[in-house]
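Notes follow the structure.
Convention: sequence-line order gives letters A, B, ...; per-chain numbering from 1. Values below: all heavy atoms of this structure, side chains included; hydrogens, waters and symmetry mates excluded.
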Amino acid sequence: MQTAHYQQARLTRDPRFDGRFFVAVTSTGIYCRPICPAPLPKEENVRYFDSAVAAAEAGFRPCLRCRPDSAPASWAWKGTDTTLERALRLIDEGALVQGSVSRLAERLGISSRYLTRLFQNGTGTSPKRYALYQQLLFAKSLLQQTGLPVAEVAFAAGFGSIRRFNDCFRERLQMTPSDLRRQPGKAGDNGELTLFLSYRPPYNWQHLRDFLRPRLIPGLEWITDHSYGRSLTLDNGQHGYFTATHDAARHGFRVALHLSQPTVLLPVVRTLRRLLDLDADSGCIDDHLRPLLASLGGPVPGLRLPGTLSLFEAGVRAILGQQVSVSAAHKLVAQLVEAYGQTGPGPTGEMRLFPSPEVLAETDLAELRLPGRRKQTLIDLACLFRDEPQTAADPGRWLQLSGIGPWTVQYARMRGLSESDIWLGGDLGVQRALRQHDVTFDPAAAAPWRSYLTLNLWSLT
DNA sequence: CGGAATTAATG
DNA sequence: CATTCTCCTGGG
């Protein structure tokens, strides 16, 4: 995109460009989202950056009004380098909070030297600096949105020491954490954290809600016309729940989050954003699919890809959905959760947690009305997750288990990893839609958004 | 704030 | 790959 488009978008404060670029003002040293309500700066004082980090590297600090830390994420980097994109994703999932840069490079199958080169070219900064800045922006949003004590904010954002947190914060954001401490007034925690998570319109909440509704597992999830919530189980064994309420006017969700203990929150928020598919570029995706779906009335505008909480859950739902209707699969999942899901305190009394691999690996699934072979497949998958989590993290490796074929793997990738380019050509629902509407097209033309093509076809039946 | 030990960036 | 530079954290 060229400067003329940026200019147009900022002058109209177009929310469809929120998070896709940032506007830095040389006269103030501050950078903003294109939607910033502040008076429009003169063009001669404006510089455009395609990421917040890039603006920071040029010496600008985030605006306190439009809060660039709350902008939806954008993966649309100029170089469209898939390795770099994967690296950015992994870092955003916390790869550098726990592991080292060399470990990340190893995971990506490249040398750490090459990784830093990719970063220098693509983002204008180094991996560590990029990661640190994401942590700082997240900390900033917590300071402004919640009443969490500063020390807990540091911890939640993945810092190991307050000292270092303060230093970095000062240096990169040009203010201190206590400067940003929310004004007193709003009550402290009763264990609840309220966050606002924004998206880039269009966002088709009705469609997402109507997708989730027939799949809703009682006790595990809850839904109203304007909200969706569910229980959470975290990697560290912690549990909690959230309720996300849609706010169309503000282009986002107000999320109430309850966790059993304070924890590193960054990955939790990433997961919530993935569940609701907040970072998708619906405008681009819809434009891309429009020619293919023209004879069907065009794509569903703002269609989002609903994720599952974990890859394991996606795998379980996929196995239970093999060769059966949505409602039959739904009954099975509900039975499974009812029989094997632990209970915990929820928003309205008892709540169910999705059964863990450890629990399912130890059971015979006698409670479930399911062919014995399929039960065994489920148990095998649970064992894989329990015994070899590294292997289980790649659905491609599940194929070695009997009873798991390409459909299951692809479904799990689409819902559990939110991969955007999954074409479920063999899926019954997709085939029925294609037959009913008598369409022929080459799904390859939808790349890299074939998951959204699949969803569009599902919505036709 | 300063310094030691470790890790990351770079030619 | 080796040198320089930055990050990280405990303790004062």
Between [X] and [Y], is the ring centre distance below 6.0 Å?
| X | Y | result |
| --- | --- | --- |
| A:Trp205 | A:Phe253 | yes |
| A:Phe159 | A:Phe155 | no |
| A:Trp398 | A:Phe385 | yes |
| A:Phe49 | A:Phe22 | no |
| A:Phe21 | A:Tyr31 | no |

Aromatic ring pairing A:Trp449/A:Tyr452, orientation class (parallel under 30°, perpendicular over 60°, tilted between): perpendicular

d([atom1], [X]; [atom2], [N]) in whole Å:
| X | N | atom1 | atom2 | answer |
| --- | --- | --- | --- | --- |
| A:Ile91 | B:dA8 | CD1 | P | 11 Å |
| A:Glu171 | B:dC1 | CD | P | 13 Å |
| A:Leu136 | C:dC8 | CG | C1' | 14 Å |
| A:Asn166 | B:dC1 | CG | P | 12 Å |
| A:Glu57 | C:dT6 | CD | C1' | 13 Å |
| A:Phe169 | C:dC7 | CZ | P | 16 Å |
| A:Leu132 | B:dA9 | CG | P | 11 Å |

Flag for A:Gln410-A:Arg413: side-chain donor and acceptor within less than 3.5 Å: yes

Phosphate-side-chain proximity, A:Ser161 and C:dC8, N/O vs OP1/OP2 below 4.0 Å: no

A:Lys128 side-chain N/O to C:dC8 phosphate OP1/OP2 under 4.0 Å: yes

Set of salt bridge (charged side-chain N to carboxylate O under 4.0 Å, His left out) partners for A:Glu93, sequence neighbours left out: none

Selected nucleotide, minimal atom distance to A:Arg163 side chain, candidates B:dA8, C:dT9, B:dA9: C:dT9

Candidates B:dA9, C:dC7, B:dT10 - which lies nearest the side chain of A:Gln120: B:dT10

Residues within residues 102-118 of chain A bordering DNA chain C, heavy-atom distance below 4.0 Å: A:Arg113

Heavy atoms of other groups near A:Glu57 CD, more than 12 under 6.0 Å: yes

Watson-Crick or G-U pairs under 3.5 Å in DNA chain B, rendered as dot-bracket with [ ] for crossing pairs and | for another strand: .......||||

